[in-house]
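Beneath this line is the structure, given in structure tokens, with notes to follow.
Ligands are counted one by one from 1 in listed order, and the atoms in each one are counted from 1 as well. Count residues from 1 along the sequence. Bear in mind that the values here come from a model prediction, so they are computed numbers and not experimental data.
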Amino acid sequence: MAKKRVKHSIFTGLVLLTLVGSTIGGQSGIARAKEKIAPYQDPRISVERRVDDLLRRMTLDEKIGQMVEPERNAVTAADIKDYGIGSVLSGGGSLPTTGNTPTDWANMVDNFQKGAMDTRLHIPIIYGIDAVHGHNNVYGATVFPHNIGLGAADDLNLMKRIGQATAEEVRATGISYVFAPVLAAPQNIRWGRTYEGYSEDPKDTGKLGSALVKGLQGNVGDKDFLKGTHVVSSIKHFVGDGLTEGGDDQGNVTEYTDQELQKYIKPYKTAIKAGARTVMVTYSSINGLKTHGDYHLITEVLKGDLHFTGFVISDYNGPQQIVPNDFRESIKRSVNAGIDLFMIPNDWKKFISVTKELVATGEVSQSRINDAVTRILRVKFENGLFEHPYADRNLVSKGIGQAEHRAVAREAVRKSQVLLKNDNHILPLKKNNTNIFVAGKKADNMGYQAGGWTISWQGGSPQWMGQPEKNLIPGTTILQGIKEAAGTKSKVDFSADGSGAKGHDVAVVVIGEPPYAEMFGDRDDLGLLQEDIDLINKVKASGVPMVVLLQSGRPMILTDQIKDMDALVASWLPGSEGEGVADVLFGDYPFTGKLSFTWPRNMEQVNSHDKSNPLFPKGYGLKIKQTGKKEHSR
Ligand code: BGC
């Protein structure tokens with residue numbers, strides 16, 4: 001407190017130091033120094049009054065500065081001070097230059113924050129990051145299953161706990177804003193972001209996404225809403241990602257009427273009701289109109305019909321796509337469409353000068369700027385940033401990857417596993433006196449297991465950073481999980497290429513997709529990789545009964561191979577806790593996961609959206625009883 005006072009007392013033009021006679025606590029007559037701070041700096045005053053007060057004090061330059069969000073690698077603390085920048089982001093895999101520990105992160109964010117606190121009005125930045133399955137950029141963080149698996153788990157209480165754990169880990173790095181969750185209900189699994197969606201049904205997406213939002217942000221009306229160990233959430237990508245023609249990433253939505261689109265707007269309505277305070281706009285277009293320039297959707301629908309009072313953020317360089325090669329026109333249209341905060345990673349100086357000019361010529365109104373800045377400041381006040389701009393170092397030391405969070409992730413993994421086939425009761429596996437053969441390099445590799453958006457943007461993917469790394473993140477691989485669960489009286493042998501199966505009681509074969517993320521994940525052919533087909537054939541030839549675990553970001557076409565499998569489990573992208581897979585394989589916990597997507601027989605069904613005769617319908621998932629001694633999970 002004392003420190004704060006000293007700081008306040010140097011605020012130029014804002015602090016009046018007055019000597020008043022104190023009558024408190026019977027100390028009448030004792031002169032005390034009492035500072036008077038500006039209304040916007042007083043946490044006892046309502047957020048709306050604080051916003052009004054601050055806005056009135058701001059110059060146009062200061063307002064426009066608040067509207068921009070550069071990438072951490074393209075901005076310095078001095079820039080933040082000089083330009084009065086409002087926000088900074090880390091894109092996927094954009095890590096501190098000093099290292100990837102929580103302290104490196106907190107130091108980096110605090111350094112930027114120092115620049116903001118040194119500005120005339122001391123307006124803090126809000127730092128944003130893609131914590132889309134846990135705080136996935138940070139080494140040692142708990143990495144939860146990607147959303148498609150959480151859709152299969154379909155457990156609201158679990159979602160809330162995942163949100164809370166993620167928020168705590170994000171706060172442990174001095175960050176208070178995350179770009180999650182995705183509320184898309186992908187209709188074409190060709191799309192490389194399918195795994196970021198919970199379900200093909202927008203109702204489920206809204207329900208599960210809202211529970212995550214509540215976990216991240218806390219409950220509306222509670223004292224600690226958005227504060228303390230909570231963060232601000234950005235639901236994304238408004239709206240229609242997942243509905244594009246051919247499932248193209250950043251594509252065009254042409255097959256939906258306005259009325260049909262309402263179904264996909266609904267999850268946003270639900271999540272906004274649950275308190276979501278920021279909304280990110282989609283790269284995709286609707287009937288050729290880029291949503292970043294869509295006044296109707298952003299201003300009339302989102303801010304109007306949905307009564308959204310937080311801020312709207314653009315996607316990464318999204319505004320510039322409106323009129324390619326015409327920056328000025330693109331910015332004009334996107335500001336006027338109603339975007340408030342601009343994720344312009346590199347060209348942020350250009351954004352500032354162009355926007356200033358657009359206001360000077362009257363092409364953008366002062367009132368539009370005031371609306372944008374009002375919304376940004378409102379969320380910053382709600383987020384408690386003015387009172388606590390810097391990282392809470394107590395959280396830094398304990399937050400990341402803590403055992404309690406890993407337990408939640410393990411629970412999420414086991415609840416996300418969907419049992420699709422189980423002939424002759426091959427599952428659950430027996431624990432004792434069993435000779436188990438585990439096959440496939442994907443059984444023992446954290447890079448494959450965690451998928452995209454893990455440490456790097458694309459994850460440990462071949463096209464992005466070489467072969468997936470076995471030790472990309474700390475945690476337990478599926479193989480380790482199996483070894484632990486099998487018990488000391490069983491034997492577990494492993495072969496990456498499937499040689500040596502003969503003589504074992506059972507084989508567990510792990511196949512799947514290499515990691516990928518947006519822009520690199522769209523596929524015309526979702527058939528199994530040849531290396532996986534070879535692996536299945538090899539193990540099949542040994543005559544050993546085979547359990548296949550498919551580790552993938554979406555259903556894959558395996559109609560021709562399923563007959564060779566005695567059991568099949570959709571494991572999705574489980575993240576750091578491979579033991580969760582073993583938990584259900586050995587019957588320590590029951591299989592409860594259900595498909596949140598239709599599982600097609602072939603690519604024709606994918607391409608024609610034909611869900612009438614799938615390999616497995618949405619909602620499918622075999623149940624087998626728990627045989628182990630552990631308690632049922634909550
Ligand atoms: C993605 C967003 C993400 C942003 C920042 C964009 O390319 O579409 O989902 O939040 O990058 O990393």
Sequence neighbours left out, cut at 3.5 Å: what donor-acceptor pairs do the side chains of residues 322-330 make with other protein atoms?
residue : atom : partner : partner atom : Å
Asp326  : OD1  : Glu329  : N            : 3.2
Arg328  : NE   : Glu357  : OE2          : 2.8
Arg328  : NH1  : Glu363  : OE2          : 3.1
Arg328  : NH2  : Glu357  : OE2          : 3.2
Arg328  : NH2  : Glu363  : OE1          : 2.7
Glu329  : OE2  : Arg333  : NE           : 2.8
Glu329  : OE2  : Arg333  : NH2          : 3.3
Ser330  : OG   : Val323  : N            : 3.0
Ser330  : OG   : Val323  : O            : 3.1
Ser330  : OG   : Asp326  : O            : 2.9

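Listed by chain and residue number, nothing satisfies the salt bridge (charged side-chain N to carboxylate O under 4.0 Å, His left out) test with Lys349 (two or more places apart in sequence, or in another chain).
For ligand 1, the protein residues placed under 4.0 Å by at least one non-hydrogen atom are Leu89, Gly91, Gly92, Asp130, Phe179, Arg193, Lys236, His237, Met280, Tyr283, Asp315, Tyr316, Met343, Glu518.
Aromatic ring pairs are classed by plane angle as parallel below 30°, tilted from 30° to 60° and perpendicular above 60°; the pair His146 and His133 is parallel. The aromatic rings of Phe112 and Tyr127 lie parallel to each other, their planes meeting at an angle below 30°, with 60° marking the opposite boundary.
Taking the centre and axis of the six-membered ring of Phe225, the NZ or CZ atom of Arg277 falls outside the cone set by 45° and 6.0 Å.
Residue pairs satisfying the side chain to side chain donor-acceptor pair (under 3.5 Å) criterion with at least one member in residues 92-101, sequence neighbours excluded, are listed as follows: Glu71-Ser94, Arg72-Ser94, Thr98-Asp104, Asn100-Trp105, Thr101-Asp104.
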